[in-house]
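What follows is a short report on a single structure.
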Amino acid sequence: MWGAIRELKIRGAPALGIAAAFGTYLGIKNSPAKTFAEFKQDLDQAIKYLGGSRPTAYNLFWAMERIKGKAEELKSQAVEKIKEALLEEAINIQEEDERLCESIGEKGAEIIQEGNTILTHCNAGGLATSGYGTALAVIFKAKEAGKKIKVYADETRPLLQGARLTAWELQQEGIEVILICDNMAGEVMREGKIDQVIVGADRIAMNGDTANKIGTYSLAVLAKHHQIPFYIAAPSSTFDPNIEDGHAIPIEERAPQEITCWGGRTIAPKKIKVYNPAFDVTPHDLITGIITEVDIIYPPFQKSIHQVIDR
Ligand code: MRU
């Protein structure tokens, strides 16, 4: 599971949370522990190991904390019973995610009007969750409600989640989708083609600063310049209550080869220096609203976020 997460075979914040919950179970499934204290050591080791796979998506850490909390709750029971309960909890997390996606989609669909065109980045659809997705759930639900809509999908360099995943998902649902390179977003906005930008999130700080796929911040700046509403769509498990603002969000840096190689071929000079952060942080003052399963929340986020996390 560590390898699957690291190599992006499973990716997208909510899917990472689900994978981490099942991965934690796999880590303790064959534990020979007889007492809770021994079991706890194995559990902590599994959590630490999986936590080293990817640092940015908070859902991954949130899910493992929830599994740990369940184990603590049952500590007076036999170890084999606790193991069974942890598997059940992982299944609960997965099933809940399906419902959360549905709810995010329903709440978010309200902001989309008949004939709107939406710009999205990376992939925040079914391939990033166990259900409908987050940003794409909003689009799917608007379509289900009978609204005729169009989507521009950023290809999302370096790994092309937009071209490979989002464009495919939207096409499967019969939604008109137009694929663009990331550096075309500004021009498309200037031409007046975009009504809203809607993207997912990997971690949201308590002031609303939001980490998402690299390139999201540039889109938010462009949207502000062109006076286009910029929305984040994310479940409550993406909000990190321990982080005040975006500066403290750990940003994953990935291998240079993701930028220097394409289709097995090297496309840049040998020994070239590369900087490859997988995510960036969009400051809260560039965000119009955050669509969650509870409601759409608006600035000041420091206050409105509590509607989502204090439940
Ligand atoms: O590197 P990835 O593909 O895991 O990055 C995914 C994103 O940035 C998504 O936008 C985010 O996780 C939200 S998924 C509902």
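Whatever order the structure lists ligands and atoms in, that order sets their numbers, starting from 1. Numbering of residues begins at 1 and proceeds along the displayed sequence.
With a 4.0 Å heavy-atom cut-off, ligand 1 is reached by no atom of H121. In C122, the part holding a heavy atom less than 4.0 Å from any atom of ligand 1 is the side chain. Counting heavy atoms under 4.0 Å from ligand 1, residue V199 does not touch it at all. Proximity of A201 to ligand 1, defined as any heavy-atom pair under 4.0 Å, is confined to the backbone N, CA, C and O atoms.
Between D240 and R203 there is a salt bridge, with a side-chain nitrogen of the basic residue lying less than 4.0 Å from a carboxylate oxygen of the acidic one. The pair K70-E73 meets the salt-bridge criterion, since a charged nitrogen lies less than 4.0 angstrom from a carboxylate oxygen. In this structure, K40 pairs ionically with D44, as a charged nitrogen and a carboxylate oxygen lie closer than 4.0 Å.
For ligand 1, the polar-atom distance check against Q161 finds a nitrogen or oxygen pair separated by under 3.5 Å. For a threshold of 3.5 Å applied to N or O pairs, the pair formed by G12 and ligand 1 contains at least one separation below that value. In terms of polar-atom proximity, A13 is counted as a contact of ligand 1, with an N or O under 3.5 Å from an N or O of the ligand. Looking at K213 next to ligand 1, an N or O pair under 3.5 Å apart turns up.
Ligand 1 has at least one atom lying under 4.0 Å from a heavy atom of R54. Residue contact annotation: P14 has a non-hydrogen atom under 4.0 Å from ligand 1. Distances from ligand 1 to the non-hydrogen atoms of N123 include at least one value under 4.0 Å.
A donor-acceptor contact shorter than 3.5 Å links the side chain of K143 to the backbone of E173.
Against a heavy-atom cut-off of under 4.0 Å, N212 is close to the following atoms of ligand 1: 7 (C), 8 (O), 9 (C), 10 (O), 11 (C). Each of the following atoms of ligand 1 lies closer than 4.0 Å to a heavy atom of A128: 14 (S), 15 (C). For ligand 1, the atoms closer than 4.0 angstrom to any heavy atom of D202 are 7 (C), 8 (O), 9 (C), 11 (C), 12 (O).
With respect to atom 15 (C) of ligand 1, the closest heavy atom belonging to the protein is T134 OG1, 3.1 Å.
Separation of atoms CD1 (I214) and CD (E253) is listed at 10.0 Å; rounding is to 0.5 Å. Atoms CD1 and OG, on I104 and S236 in that order, are 8.0 Å from each other to the nearest 0.5 Å.
Minimum interatomic distance between V197 and A223 (heavy atoms only, all atoms of both residues): CG2-CB, 4.2 Å.
No more than 12 heavy atoms of other residues, nucleotides or ligands sit less than 6.0 Å from atom NE2 of H225.
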| said: Working note: N123 + R164, criterion side-chain hydrogen bond (donor to acceptor under 3.5 Å, both in side chains); need CA distance, chi angles, decisive distance, verdict. | reply: CA-CA 9 Å; N123 172 261; R164 295 183 297 118; over 6 Å; no
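Under the 30°/60° scheme for interplanar angles, the aromatic rings of W2 and Y49 are found to lie parallel.
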